[in-house]
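One structure below.
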Amino acid sequence: MYDRVIYENETYQWRVTVNVFHDVEYFHLRKYILDFDEKWIPIKEGVCFPLDLNNITELFTALVEILSLAESKAVIAKHFNEILQDTYQE
């Protein structure tokens with residue numbers, strides 16, 4: 001139903017996928033590795049939970065908070081980088 005690579009290097013990748021199993025939709029964040037035929041295959045490393053409005057709302061909220069923190073750090077570093085360097089070098 002849905003499959004998106006969110007991180008990749010030479011040996012593995014992380015994917016977000018959605019699929020249906022026994023009439024239940026599931027959200028997966030799973031690590032994939034290259035097999036001997038150079039095809040990406042999922043491994044046990046990752047998480048899976050039912051895809052419902054509450055679970056996805058909580059996941060979305062967490063991602064928005066993480067993005068906000070990352071944006072805040074970037075703004076702080078941009079405007080106060082010199083002060084931060086001086087403070088942490090002592």
Side-chain angles (χ1 to χ4, degrees):
M1 290 182 55
Y2 182 82
D3 187 342
R4 182 181 177 115
V5 175
I6 59 171
Y7 175 82
E8 183 174 357
N9 67 23
E10 309 81 42
T11 58
Y12 67 90
Q13 58 183 214
W14 282 92
R15 291 187 189 188
V16 170
T17 61
V18 174
N19 68 357
V20 177
F21 184 71
H22 292 294
D23 295 327
V24 177
E25 286 184 314
Y26 289 94
F27 172 89
H28 300 263
L29 176 59
R30 183 133 338 264
K31 188 175 186 178
Y32 283 65
I33 60 170
L34 279 174
D35 69 3
F36 294 113
D37 296 326
E38 299 211 6
K39 293 182 182 179
W40 292 104
I41 58 170
I43 62 173
K44 291 182 179 182
E45 192 172 338
V47 296
C48 171
F49 52 85
L51 180 68
D52 61 33
L53 186 58
N54 185 57
N55 289 341
I56 294 305
T57 299
E58 290 300 320
L59 178 62
F60 180 76
T61 301
L63 290 173
V64 168
E65 289 172 354
I66 291 167
L67 287 169
S68 178
L69 288 170
E71 183 179 47
S72 297
K73 284 182 180 179
V75 169
I76 290 169
K78 179 180 177 184
H79 295 288
F80 300 103
N81 192 33
E82 188 174 305
I83 295 170
L84 289 171
Q85 286 180 354
D86 290 344
T87 301
Y88 288 112
Q89 285 181 358
E90 294 176 3

Quick one: are His28 and Val47 in side-chain contact, heavy atoms under 4.5 Å? no

Can Phe21 be reached from Met1 by stepping across I, L, V, M, F, W or Y side chains whose heavy atoms are under 4.5 Å apart? no

Restricting to pairs with a member in residues 20-30, which pass salt bridge (charged side-chain N to carboxylate O under 4.0 Å, His left out), not counting sequence neighbours? none

Taking side-chain hydrogen bond (donor to acceptor under 3.5 Å, both in side chains) as the definition, give me every residue that meets it alongside Asp3, ordered by chain and number, with sequence neighbours left out. Arg15

Check which hydrophobic residues are tied to Leu34 through side-chain heavy-atom contacts below 4.5 Å, counting indirect links as well, and list them. Tyr32, Trp40

For Ser68, side-chain hydrogen bond (donor to acceptor under 3.5 Å, both in side chains) partners two or more places apart: none

Would Ile43 and Ile6 show up in the same hydrophobic cluster when neighbours are defined by side-chain heavy atoms closer than 4.5 Å? yes

Set of residues satisfying side-chain hydrogen bond (donor to acceptor under 3.5 Å, both in side chains) with respect to Asn9, sequence neighbours excluded: Thr11

If the condition is side chain to side chain contact (heavy atoms under 4.5 Å, CB included), which residues does Phe49 pass it with, not counting sequence neighbours? Phe27, Asn55, Ile56, Leu59

Cluster partners of Val64, using ILVMFWY side-chain heavy atoms under 4.5 angstrom, listed by chain and number? Phe60

Leu29 and Trp14, any side-chain heavy atoms less than 4.5 Å apart: yes

Under the salt bridge (charged side-chain N to carboxylate O under 4.0 Å, His left out) definition, can you give me all pairs with a residue in residues 36-52, not counting sequence neighbours? Lys31-Glu45

Transitive ILVMFWY cluster of Val5 at side-chain heavy atoms under 4.5 Å: who else is in it? none

What residues, two or more places apart in sequence or in another chain, satisfy ring pair (Phe, Tyr, Trp, His ring centres under 6.0 Å) together with Tyr26? none

Report yes or no: do Tyr7 and Tyr2 belong to one cluster of Ile/Leu/Val/Met/Phe/Trp/Tyr joined by side chain heavy-atom distances under 4.5 Å? yes

Side chain to side chain contact (heavy atoms under 4.5 Å, CB included) filter on Ile41, not counting sequence neighbours, yields Ile33, Asp35

